[in-house]
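I have placed the structure first, in the form of C-alpha cells, so that the comments after it can refer back to it.
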Amino acid sequence: MSTKLDIYTTKRRGRVLNSLFTAACLLATITCVLVLLGLIWNIINQGQNWLDWDFIEHLPSRFPEKAGIKTALWGSIWLIGLTALFSVPLGVGAAVYLEEYAPRTRWRKLIQLNIANLAGVPSIVYGILGLGLFVRALAFERSVLSGALTLTLVVLPIIILASQEALRAVPDSIRRSAYALGATRWQTVWYQVLPASLPGIMTGVILSLSRALGEAAPLLVVGAMAYVPFVPEKLSDEFTALPIQIFNWTSRPQEEFHHLAAAGILVLLVVLVSMNAVAVFVRHKYGKKIRW
C-alpha cells in the first residue's frame, strides 16, 4: 500500500512540475513576443512618416530632411551579393566533401568540431581577423571586397553545418540504389543527393545571408564608413551598409535623425523578412517534389 502511494505521489508531483514548466515556457514566449511587437510598433510610429521613395533615392546628408539611404542600401546589396558568391560554393562544397567523401577519421572529427565551434564565435572576432588579413596583410584596404570576405568568414561555418544537416537527411537507400544501378559516387551526389537536399541547403544559405545583412560589428572593425557620398561601382571602392548607417543616425543628438534611423530599420526589416519568405517558399516548393 505504501509503495502504491509513493508511486502515485511521484506521478502527481511530476504532473505538477510538468504543468509549471509548460506554463513558465509559455509565459516566457508570450513575454518575448509582446516585447518584440512593442519594439516594432515603436519603430513604425517613429519611422513611417519619414519612409518614402525620396528616402530610398537620396544620398546621406547632415540635413535630416535631405538624408537618404541610397549608398547604404546599395552597399548592402554589394556585400550580400559578393558574400553569396564566395560563401555558397565553398560552404556547400565543404559540406559535400565532409559528408560524402571524407573518411570517418579523427581528422574529420577534429575538423567537424572546429566548424561547430566557429559557428558560435562572435562576429566581431571575424571583424578583427578580416582587418588583419584582408585589409592589412592582403592590402585590400577598406573596400567592398574586404567587407564581403569578412562576412564570408562569418556565415561560412553556418552554411557548412546547415548543408551537412540537409545532406544527412537524405536516406542512404537513395545512395545505395544509385550505386546498385552502376552510378559513380559523383553521379550519385550530383543527380540524386544534391537535388534531394536542395530545399534544406537553400534555406540554410538564405538564413545565413540574412544574418550577414544585419551585421554591423565586423563591418565597423573592417572600416565601413559612416558617410559615403557615392554608390560603390567596383570592388576597391569604399562602402557603407544599412546597419552602419542606422548606427550612425542613432548616435546623433537630433531627434530627426532618430526618426531616420527608425525608417532605415523598417527598410532593413522588409529586406530581412523578404529573404526569410524566399527561404520558406523555396523549402515549400522544392520540398513537395521530393518523395522518399
TODO: List the atom of Leu209, the atom of Ala84, and the distance in Å for their closest heavy-atom pair.
DONE: CD1-CB, 3.7 Å
TODO: Would you kindly confirm whether Leu207 and Tyr126 end up in one hydrophobic cluster when ILVMFWY residues are joined by side chain heavy atoms under 4.5 Å apart?
DONE: no
Task: Close side-chain approach of Ile244 to Phe239, heavy-atom, < 4.5 Å - done: no
Open item on the list: Within the supplied structure, the quantity of interest is the number of heavy atoms (other residues, nucleotides, ligands) at a distance under 6.0 Å from Phe86 CZ; does it exceed 12?
Closed with: yes
Open item on the list: Can you confirm whether Phe230 sits close enough to Thr71 that some side-chain heavy atom of one is under 4.5 Å from a side-chain heavy atom of the other?
Closed with: no
Open item on the list: Could you tell me if the side chain of Trp249 sits less than 4.5 Å from the side chain of Ile69, heavy atoms only?
Closed with: yes
Task: Glu65 atom CD: more than 12 heavy-atom contacts under 6.0 Å - done: yes
Open item on the list: Would you say that Phe257 contacts Asn248 through its side chain, given a criterion of any heavy-atom pair below 4.5 Å between the two side chains?
Closed with: no
Open item on the list: Are Leu167 and Val193 packed together at the side-chain level, in the sense that at least one heavy-atom pair is separated by less than 4.5 angstrom?
Closed with: yes
Open item on the list: Is a donor from one side chain sitting under 3.5 angstrom from an acceptor on the other, for Thr240 and Gln245?
Closed with: no
- [ ] State plainly whether one hydrophobic cluster holds both Val154 and Val121, where clusters connect Ile, Leu, Val, Met, Phe, Trp and Tyr through side-chain heavy atoms under 4.5 angstrom apart.
- [x] yes
- [ ] Please tell me if the side chains of Leu151 and Pro218 come closer than 4.5 Å, counting only heavy atoms from C-beta onward.
- [x] yes
Open item on the list: Does atom CZ (Phe21) have a neighbourhood of more than 12 heavy atoms from anything else shown, all under 6.0 Å?
Closed with: no
Open item on the list: For Glu99, is there an ion pair with Arg108 - N to carboxylate O distance below 4.0 angstrom?
Closed with: yes
Open item on the list: Strictly by ring pair (Phe, Tyr, Trp, His ring centres under 6.0 Å), give each pair with a member in residues 168-196 just once, sequence neighbours left out.
Closed with: Trp186-Trp190
Open item on the list: Same cluster or not: Met275 versus Leu268, using hydrophobic residues (I, L, V, M, F, W, Y) connected whenever any side-chain heavy atoms lie under 4.5 Å apart?
Closed with: yes
Open item on the list: With a 6.0 Å cut-off (strictly less than), is the heavy-atom count around CZ of Arg106, excluding the residue itself, greater than 12?
Closed with: no
Open item on the list: Please give me the minimum heavy-atom distance between Thr188 and Ala178, naming the atom from each residue.
Closed with: OG1-CB, 3.4 Å
Task: Pair Gln187-Gln192, side-chain donor/acceptor within less than 3.5 Å - done: no
Open item on the list: Any non-hydrogen side-chain atom of Gln164 less than 4.5 Å from a side-chain atom of Leu98?
Closed with: yes
Task: Side chain proximity check, Arg175 to Arg185, heavy atoms < 4.5 angstrom - done: no
- [ ] Evaluate the ring planes of Phe134 and Phe140, with Trp represented by its six-membered ring, and classify them as parallel (under 30°), tilted (30 to 60°) or perpendicular (over 60°).
- [x] parallel
